[in-house]
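Structure first, then comments.
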Amino acid sequence: MSRKNIVLFGQTGAGKSSLVNLMAGEDVAGISNDLKPCTLHWQEYPIEFDGESYNVFDTVGLEEPQLGITQFLDAVENAYKLIQELETQGGIDLLLFCMRAGTLTATLQNNYRLFHEFLCDKKVPIVVVITYLENEVGEMDTWWKRHETNFRDQEVHVAGHACITAIRGNFPHRHEESRTTIRNVVKEFTADGQKQAWKGGDSLFVSFMRKLRKLLVGNRKPVKKNMVARLTERCGMSPDVAKQLADRIKNDEVEGAT
């Protein structure tokens with residue numbers, strides 16, 4: 001049975017690890033972790049439910065809209081590694097955009113664009129998961145009905161949504177309801193017959209890096225020497241490909257790497 005790949009991203013403190021455990025039906029992800037913010041790193045969790053198998057990649061996204069060159073290179077390194085890892089596992093089937101109930105901030109919008117538009121070229125279905133709704137008056141889904149227009153106004157377009165709580169606490173009924181909700185959403189958008197899993201490639205990666213550089217560092221130019229060293233020593237690229245990629249990022253070119 002093939003595993004379907006889910007990339008989970010969003011703000012720190014939104015309860016992504018608790019969401020993984022909610023889907024799994026058991027504690028597979030530590031609630032606290034030492035992953036550094038402002039980098040694109042990930043932890044992989046194989047989970048199963050309702051006869052299907054999934055790999056959930058719990059990432060740490062961008063916490064600030066502007067980063068320096070060092071942080072940018074960290075993002076390049078880890079984004080490339082994540083793409084490579086998922087290419088060996090059949091591509092990406094679903095993006096889960098996790099946010100705590102509240103304001104759709106500029107940082108959240110940047111995270112959305114980074115993963116959905118740049119990393120996945122708008123070719124992977126994305127579902128927003130709103131957490132910490134245990135105290136919502138009435139049905140938890142009421143939150144989405146109140147805020148859906150704001151998402152559209154900010155051009156944050158999603159294929160589906162799930163309003164949940166991942167905390168059992170004093171709300172065990174809502175916790176179980178949330179487990180059913182998130183599992184149903186995952187099954188709906190990764191079902192057989194859905195769009196084939198998206199696989200990245202060098203040319204798309206170059207385009208992504210160009211856009212990512214603009215998103216993170218504006219008009220400042222990354223130092224080519226530092227980029228080439230990082231790409232070859234820590235990302236496993238050949239020197240020729242690393243130099244070409246560094247040139248293209250530096251010059252805002254979008255042609256594919258050879």
Side-chain angles (χ1 to χ4, degrees), residues 2-11 14-25 29 42 45 47-59 61 86 90-105 108-134 136 138-167 174-199:
S2 62
R3 288 186 174 272
K4 293 166 182 177
N5 294 323
I6 300 171
V7 172
L8 173 62
F9 71 99
Q11 66 192 126
K16 294 192 297 296
S17 296
S18 295
L19 176 57
V20 173
N21 294 334
L22 183 69
M23 288 188 287
W42 74 91
Y45 300 103
I47 66 174
E48 297 182 4
F49 58 83
D50 297 342
E52 296 289 344
S53 298
Y54 305 89
N55 289 323
V56 180
F57 295 84
D58 183 4
T59 72
L86 294 181
I92 305 172
D93 293 276
L94 179 66
L95 292 171
L96 288 181
F97 176 23
C98 187
M99 63 172 284
R100 189 168 184 149
T103 303
L104 184 61
T105 64
L108 282 169
Q109 293 175 51
N110 282 339
N111 269 266
Y112 163 83
R113 295 186 177 98
L114 173 70
F115 281 88
H116 182 53
E117 298 180 10
F118 300 155
L119 182 57
C120 294
D121 203 30
K122 297 183 180 179
K123 294 180 179 178
V124 177
I126 181 169
V127 169
V128 62
V129 183
I130 299 96
T131 61
Y132 286 92
L133 286 171
E134 56 272 8
E136 178 73 15
E139 297 296 324
M140 289 185 285
D141 200 61
T142 302
W143 189 95
W144 178 253
K145 295 174 182 176
R146 293 199 310 271
H147 295 87
E148 181 180 6
T149 300
N150 184 47
F151 279 73
R152 288 200 304 266
D153 291 344
Q154 300 299 325
E155 298 185 348
V156 175
H157 303 294
V158 295
H161 71 277
C163 292
I164 68 160
T165 177
I167 301 173
R174 285 198 159 183
H175 185 260
E176 286 304 314
E177 176 188 333
S178 296
R179 192 192 315 280
T180 300
T181 296
I182 189 61
R183 286 180 170 181
N184 285 343
V185 166
V186 167
K187 287 187 293 184
E188 177 183 357
F189 290 100
T190 62
D192 292 336
Q194 288 284 323
K195 185 183 301 182
Q196 184 178 359
W198 178 82
K199 299 182 181 181

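At least one donor-acceptor pair closer than 3.5 Å links the side chain of Tyr112 to the backbone N or O of His157. Of the possible polar contacts, one joining the Thr131 side chain to the Ala14 backbone as a donor-acceptor pair under 3.5 Å is found. Listed for the Ser178 side chain is no donor-acceptor partner under 3.5 Å among the backbone atoms of Ala166. When atom types are taken as modelled, the side chain of Arg3 and the backbone of Asn55 share no donor-acceptor pair closer than 3.5 angstrom. Checking side-chain atoms of Asp141 against main-chain N and O of Cys163 turns up no donor-acceptor pair under 3.5 Å. In terms of modelled atom types and a separation under 3.5 Å, the side chain of Lys4 and the main chain of Thr190 share a donor-acceptor contact. Formation of a donor-acceptor pair under 3.5 Å by the Asp93 side chain with backbone atoms of Ile6 is not found in this model.
For the pair Val186/Phe49, a side-chain contact is recorded, criterion being any heavy-atom separation below 4.5 Å from C-beta on. Between His116 and Lys122, some side-chain heavy-atom pair lies under the 4.5 Å cut-off. No side-chain heavy atom of Asp58 sits less than 4.5 Å from a side-chain heavy atom of Leu19. With a 4.5 Å cut-off on side-chain heavy atoms, Met99 and Ile130 count as touching.
With a 6.0 Å radius and a threshold of 12 heavy atoms from other residues, nucleotides or ligands, Glu139 has its CD atom at or below the threshold.
Here CD1 of Ile164 is found 6.5 Å from SG of Cys98. Values are rounded to the nearest 0.5 Å. Here OG1 of Thr165 is found 7.0 Å from NE2 of His175. Values are rounded to the nearest 0.5 Å. Here Lys187 contributes atom NZ and Arg183 contributes atom CZ; the two are 8.0 Å apart, rounded to the nearest 0.5 Å. Distance CG/Leu22 to NZ/Lys16: 15.0 Å, rounded to 0.5 Å. The CZ atom of Arg100 sits 10.5 Å away from the CG atom of Leu133 when rounded to the nearest 0.5 Å. Annotation: the span from Leu104 atom CG to Gln154 atom CD amounts to 6.0 Å, rounded to 0.5 Å.
Checked against ring pair (Phe, Tyr, Trp, His ring centres under 6.0 Å), Trp144 has the following partners two or more places apart in sequence or in another chain: Phe151, His161.
A parallel orientation is assigned to the rings of Phe9 and Phe97, their planes being inclined by less than 30° (bins at 30° and 60°).
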Margin query: Run Arg174 and Glu177 through salt bridge (Lys or Arg N to Asp or Glu O under 4.0 Å) and show every step you take.
Written below: CA-CA 5 Å; Arg174 285 198 159 183; Glu177 176 188 333; 5.2 Å; no
Note to self: Could you walk me through whether Val128 and His147 satisfy the side-chain contact (heavy atoms from CB on, under 4.5 Å) test, starting with their C-alpha distance in whole Å, then the side-chain angles of each, then the deciding distance to 0.1 Å, before giving a yes or no?
What the structure shows: CA-CA 12 Å; Val128 62; His147 295 87; over 6 Å; no
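When all heavy atoms of Ala101 and Trp143 are compared, the closest pair comes out as CB-NE1, 3.7 Å.
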